[in-house]
Amino acid sequence: AEVEETLKRIQAHKGVIATMVVNAEGIPIRTTLDNSTTVQYAGLLHQLTMKARSTVRDIDPQNDLTFLRIRSKKHEIMIAPDKEYLLIVVQNPCE
Amino acid sequence: MEIIYVYTRKRSEFGRPCSFSDRPATVNVDIPPDPSMARDFILRNPVDSSVQHTSDMSEHEVNTERVEVESRGVNHVEGGWPKDINPQEMEQTIRFRKKVEKDENYINTIMHLGTLMEHCVKQNNAINIYEEYFEEEEMAEGEDGPPSAKTINVISKLTPFFDVLLSKRDPNVIKRTATHLSWHPDTCRKLAVAYSSLEFQQNAKDMSFDSYIWDLENSNRPELVLKPSSPLVSLEYNPKDSHVLVGGCYNGQMAYWDTRKGGLPVEVSTVEVSHRDPVYGAIWLQSKTGTECFSASTDGQVLWWDIRKLAEPTESLVLDITRKGFLENALGAISLEFEPTMPTKFMVGTEQGIIISCNRKAKTPPEKISSTYSSHVGPVYALARNPFYPKVFLSVGDWTARIWSEETKESPIMWTKCHLSYLTDGCWSTMRPSVFFTTRSDGTLDVWDFLFKQNDPSLSLKVCNEPLSSLRLQDNGCIVGCGSKLGTVTLLEISSGLCTLQRNEKTLATAMFERETKREKILEARHREMRLKERAKSEGQATEVEETFPEDPQEVLDRTRQEFFEVIEAEMRRRTRAEA
C-alpha cells in the first residue's frame, strides 16, 4: 500500500515519463510502460548498473554505487540500484 | 673465345634410359697467359677504395588489415523468468508479480529507493544544470591559426566487394576515374560519385559500369550501386527531391534514378535523340515541377529534358558561335554552369577554350548565344559563378584559373599564376566570397583566398599521387570531396578560418571585384581606341608612314639626357633665387 503510494507520487511529478521496478533477474515487477519497452529497458539498464557498480568498487572497494543518472538529448534516465531490485525513472527535465 | 660442345644422338635412340658413367676430367681448352699483353697492364696508384661504416638498417612497413564492420541488430526476447513460469502466460506472470510485491524485503527496498529517487526528480525539476549561464561573456573570435585541412575519410573502391559476386572471374581491379561528385542536398552525409574511364578507347571489356552512392558513416560498402547501361560521366542529385538523381552516360544517353526504387535507372533517354558523345555536364533546372534538367556534351549540343519523358529532349541548342546553327562548326562542351538565381542564363565551357554565355529565353536559336569569352588555351574544365556575386565567375582550364566579370569580355579581371600541371576542376566556397578551390593533375588541392594573397594559394595540399579529376564542396562549406583518376574519393575538412565569414569580408570582396572590373574596362576602352586609331591611320594616309621612321636609340638617349640636365638646372636656379 505504501509502495503504491510512493510509486504513484513519483509518477505524478512534473516531467516523469515512466517508472519501473525491476528485480535482479531483469523481470519487470511494476511498470507504467508497455511490456516490450520495459523488457528492453530492464535488460539493458541492469547490465549497465552492474558495470557501473563494479567500476565504482574497483576504484575504491569501500565505495558503492548509490545512484546512476543518464542524461540524453531527449530525457534523463535515473536508476536507483539495490541488491535485489532496481527502481528506474525516465524523466524529461524541463528546458 | 667460344667453346662449343655438341651433343649428337640418333633419332632412334630417343627416349632410351640414360646410363651415366664416370670418367676422369679431361682438359677441353687450355689458355696459357700471353706475356705480350702484360705490357698493356697499367699499374694504378693510388687506388680509390670506399669504405663505409654505418649500421645496417632495414625498412619495414606494417599496416593492419582493414576491418570490415557491419551493423546488425539483436532482438532481445524476454528472459530471466524462473523456470516454472512461462512468460507468455499472463496469469502466471501476474501471480509471480503479486507474490513479489507481498515480500517484505521488496517493500522496504522500494520505500528507501523511492525517497532517493524523489529527491533527484525534484532536483531536476527545480534547476536545469545544463543551462547556458554566461552567454554574454563569449570571447570575440580571434585568429584561428594557420589555415589547414584534415582528411576525414578516404573512400576507395575495394575489390573484396566484387569477390562475392564474381567468385570465378578475376575481381574488378580496373580502376576508373571518379569523374563527378554530388552531395546529397539535405543530409550532407551521402555522396554520389560517378565513375567512368575517360581515356580514349581504353574501355576494357569487363570494366564495371557501376557508380555508387556512399554514406559517410560506412565507407567500406557503397550504400547504393547505380547500374547504368554505360558508365556515368556526370551525376547530380535533384536539389528539390533528394531521392532523384540524373546521370549523363559515356555514350550520350541520359538516365534518371530514384533511390527508393533501387539501382537500375527508372528511365533512360533513347539513343537516337541523345548526345553523340559523353555527357560532360548535367544540371537540374529550377522549375515548378522539379523535373527539368539540361545536359551538354562534346558533340556540340545542349539539350533540355523533362525526366518524366526522356524519350526526346524538350529543347536543343547547337553551340555554334557563328550563330548559324551548324553542327559541324559547333564547339564541344566540357562544362556547364547554371545558377538557380538567374534561371534564364547559363554558361557552357568548351573544349576549344571558349566560354559561351547563353540566354535561354531568346526567341530564335541564333540569339540564344549572347556572348563569348575566349578564355583558355585548352578545354575549360570547370565554370562556377560566385555564390555571392553572380556577375563574377571562375573558369578553370589549362594551367591557370581565371576570374571573369560578365561585363568585360576580352580578358579576365583576375587570374592565378601558371602552374606546372593542368588544373582539372574548381569551385567557389559557399561561405566566403573570396575563397575558391582548384584541383591539379599532380594530385594537389589548392585553396585560394584572393583577398589575402593572390600570388599563391593560401593552402596547398597534396591529396594523392594520381591526378585529381573532380571536386565538390559540401553546402556547409567545410567539407570538400575530391575524386581522383584511380577512383579514390578523399574527403577533407578545412579549417574554420577558411570557411567562416570574416568581419569585413563582403565589403572588401565587393570593392576588390569592382576595382578589378573597372581596371579591365578602362583597359578595354583604351585598346579599342588604339585599334580605331590604327585603322584610321592605315586607311587614310598610307604615304605618311615613311615619315615616322623609328628613331635612333642613341638620339633618344641624348635627348633625354639633355632634358634631364635642363630640368636640374632650372631647379637649381630656382633654389638660388629663393635663397637670395
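Keep in mind the model is a prediction, meaning the values are calculated, not measured.
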Report which part of A:V3 has an atom under 4.5 Å of a heavy atom belonging to chain B: side chain, backbone, both, or neither. both
So what's closer than 4.5 Å to chain B heavy atoms on A:E2: side chain, backbone, both or neither? both
Could you check whether atom CD of A:E5 has more than 12 heavy atoms from other residues, nucleotides or ligands sitting under 6.0 Å from it? no
Checking B:W284 side chain against B:E236 main chain: does a donor-acceptor pair fall under 3.5 Å? yes
Heavy atoms only, distances under 4.5 angstrom: which of A:L86, A:D82, A:T6, A:I29 has the most pairs with chain B? Name it, please. A:I29
Whatever's closer than 4.5 Å to a heavy atom in chain A on B:K98 counts as neither
Does any backbone or side-chain atom of B:N108 lie under 4.5 Å from a heavy atom of chain A? Answer side chain, backbone, both or neither. neither
Correct closest heavy-atom pair for B:A192 and B:Y237 would be CB-CE1, 3.7 Å
Run the numbers on B:V447 and B:V435 for side chain to side chain contact (heavy atoms under 4.5 Å, CB included), then give the verdict. CA-CA 7 Å; B:V447 181; B:V435 171; 3.9 Å; yes
Could you verify whether a donor N or O on one side chain and an acceptor N or O on the other, from A:T37 and A:D34, lie under 3.5 Å apart? yes
For the residue pair A:Q91 / A:H75, report whether a side-chain donor-acceptor contact shorter than 3.5 Å exists. no
Pairs of heavy atoms under 4.5 Å with chain A: top-ranked of B:V121, B:V100, B:I110: B:V121
Pick from B:L116, B:T109, B:T115 with the largest number of heavy-atom pairs that fall under 4.5 Å of chain A: B:T109
